[in-house]
Amino acid sequence: MTRSAAPEPGRPAGRPATGTATVRTNGATRSSNGPGNGYGPGNGYGPGNGNGPGNGNGNGPAGGPPPPDPFAPPPPKPWYRRSTAIGAAALLVIAGVAVVADLPRHSTTADHVATIATEIKAINTDVHPCTYAVTEAFQLYRQVTGGQMTATNRARVPGYLRDDQSACSFTDQSVVNLGTFTLPQTAAGQQLAGVVKSVLVWETSDGVGAIDDIQSLVTNPQDASARADLATREQRLAADRAAAEQAMARVNAALGGAHVRPPNLPRLPTPPA
């Protein structure tokens with residue numbers, strides 16, 4: 001057994017000197033202090049320094065594991081905790097939801113009825129400028145021929161009628177919209193073609209023709225040809241309206257007996273003889 005060095009003069013017993021003293025622990029000789037500053041290898045705190053496995057307690061075997069390096073890179077994360085994997089999984093979930101949302105579904109009769117009702121609303125929007133114009137033209141004609149206008153107001157009538165005629169011709173965007181109407185690809189949608197055709201004839205043929213006759217009669221009340229043609233146009237306007245209603249009845253039959261209202265084509269007053 002190796003003895004420790006004697007204490008320096010003036011140092012209390014049991015306190016080691018500043019020099020190096022050796023001790024034997026479990027049969028191994030180690031340095032109790034070691035070179036350096038008391039914290040690195042060989043200094044009583046690290047591996048193989050006289051105090052056990054790298055922790056300075058003096059009871060374990062020499063050569064313990066080294067302390068962890070605080071500057072070492074962290075170990076790689078498991079694949080399921082990596083941000084790239086999580087992001088990819090999220091994208092797959094979102095894509096799956098989109099695919100499910102885009103899957104076709106069976107349309108019910110109620111769906112078809114709602115679609116046709118929406119289309120009729122669009123037709124009414126497109127035909128409204130012309131229905132207003134034709135109604136106004138007939139009213140102006142009755143007021144002029146009935147002597148219900150002052151000279152000043154009568155002088156404005158030709159300009160009003162020109163505007164009315166334009167509202168029923170293909171120079172108006174509403175008429176163009178109706179002429180390029182897209183039909184639903186259903187049995188009821190195909191029957192809707194008859195409705196659109198009747199409305200177009202009402203406004204672009206007979207509506208425009210009636211307004212043209214009224215323009216001639218306002219300028220020359222004795223124009224017999226214009227008066228006869230106006231009577232014919234008024235009858236045709238009524239026939240066009242009836243044709244649209246009959247076509248709408250076929251649409252409703254294709255919808256299983258629904259009751260979607262036909263387009264709003266007015267009942268016009270019979271012009272004076």
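Since the structure is predicted, the reported quantities are computational estimates derived from the model, not experimental observations.
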Next on the checklist: Check this for me: does any side-chain nitrogen of one of Asp223 and Arg227 sit under 4.0 Å from a carboxylate oxygen of the other?
Outcome noted: no
Checklist entry - Yes or no on side-chain contact (heavy atoms from CB on, under 4.5 Å) for Val127 and Glu203, after CA distance, side-chain angles and deciding distance? => result CA-CA 8 Å; Val127 77; Glu203 61 179 355; 3.6 Å; yes
Which heavy atom of [X] sits nearest a heavy atom of [Y], and at what distance?
X: Ala210; Y: Leu230; answer: O-CD1, 3.7 Å
X: Asn124; Y: Pro263; answer: OD1-CA, 3.2 Å
X: Val175; Y: Cys168; answer: CG2-C, 4.0 Å
X: Asp126; Y: Pro129; answer: O-CD, 3.4 Å
X: Phe170; Y: Val176; answer: O-CG2, 3.4 Å
X: Pro184; Y: Glu119; answer: CG-CG, 3.9 Å

How long is the gap from [atom1] on [X] to [atom2] on [Y], to the nearest 0.5 Å?
X: Arg236; Y: Asp229; atom1: CZ; atom2: CG; value: 7.0 Å
X: Asp213; Y: Thr232; atom1: CG; atom2: OG1; value: 8.5 Å
X: Ser216; Y: Gln222; atom1: OG; atom2: CD; value: 13.5 Å
X: Lys197; Y: Asp240; atom1: NZ; atom2: CG; value: 10.5 Å
X: Leu268; Y: Gln235; atom1: CG; atom2: CD; value: 12.5 Å
X: Arg142; Y: Leu140; atom1: CZ; atom2: CG; value: 12.0 Å

Checklist entry - Does the side-chain contact (heavy atoms from CB on, under 4.5 Å) test come out yes or no for Phe138 and Asp164, once each step is laid out? => result CA-CA 11 Å; Phe138 274 91; Asp164 291 338; over 6 Å; no
Next on the checklist: One pair to check against side-chain hydrogen bond (donor to acceptor under 3.5 Å, both in side chains): Asp111 and Thr108. What are the steps and the verdict?
Outcome noted: CA-CA 5 Å; Asp111 294 332; Thr108 65; 3.1 Å; yes
Same hydrophobic cluster for [X] and [Y], using side-chain heavy-atom links shorter than 4.5 Å among ILVMFWY?
X: Ile211; Y: Val208; value: no
X: Leu183; Y: Leu200; value: yes
X: Val201; Y: Val196; value: no

Can you give me every donor-acceptor pair (side chain of residues 149-157, partner residue at least two apart or in another chain, under 3.5 Å) with its distance?
{"unit_1": "Thr150", "atom_1": "OG1", "unit_2": "Asn153", "atom_2": "N", "d": "3.2"}
{"unit_1": "Thr150", "atom_1": "OG1", "unit_2": "Asn153", "atom_2": "ND2", "d": "3.3"}
{"unit_1": "Asn153", "atom_1": "OD1", "unit_2": "Arg156", "atom_2": "NH1", "d": "2.9"}

Checklist entry - Counting N and O atoms only, with roles assigned by atom type, does the side chain of Ser166 sit under 3.5 Å from a partner on the main chain of Arg162, one being a donor and the other an acceptor? => result no
Checklist entry - Leu178 and side chain to side chain contact (heavy atoms under 4.5 Å, CB included): which partner among Thr204, Asp172, Ile123? => result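 Among the candidates, only Ile123 passes.
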Item to check | Passing candidate, side chain to side chain contact (heavy atoms under 4.5 Å, CB included) with Pro266, options Thr135, Val134, Leu237 | outcome: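 The side chain to side chain contact (heavy atoms under 4.5 Å, CB included) with Pro266 is passed solely by Thr135 among Thr135, Val134, Leu237.
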Which atom pairs, one a donor and one an acceptor, fall under 3.5 Å between side chains of residues 243-259 and the rest of the protein, sequence neighbours left out?
{"unit_1": "Glu245", "atom_1": "OE2", "unit_2": "Arg241", "atom_2": "NH1", "d": "2.9"}
{"unit_1": "Asn252", "atom_1": "OD1", "unit_2": "Val260", "atom_2": "N", "d": "3.0"}
{"unit_1": "Asn252", "atom_1": "ND2", "unit_2": "Met248", "atom_2": "O", "d": "3.4"}
{"unit_1": "Asn252", "atom_1": "ND2", "unit_2": "Val260", "atom_2": "O", "d": "3.1"}

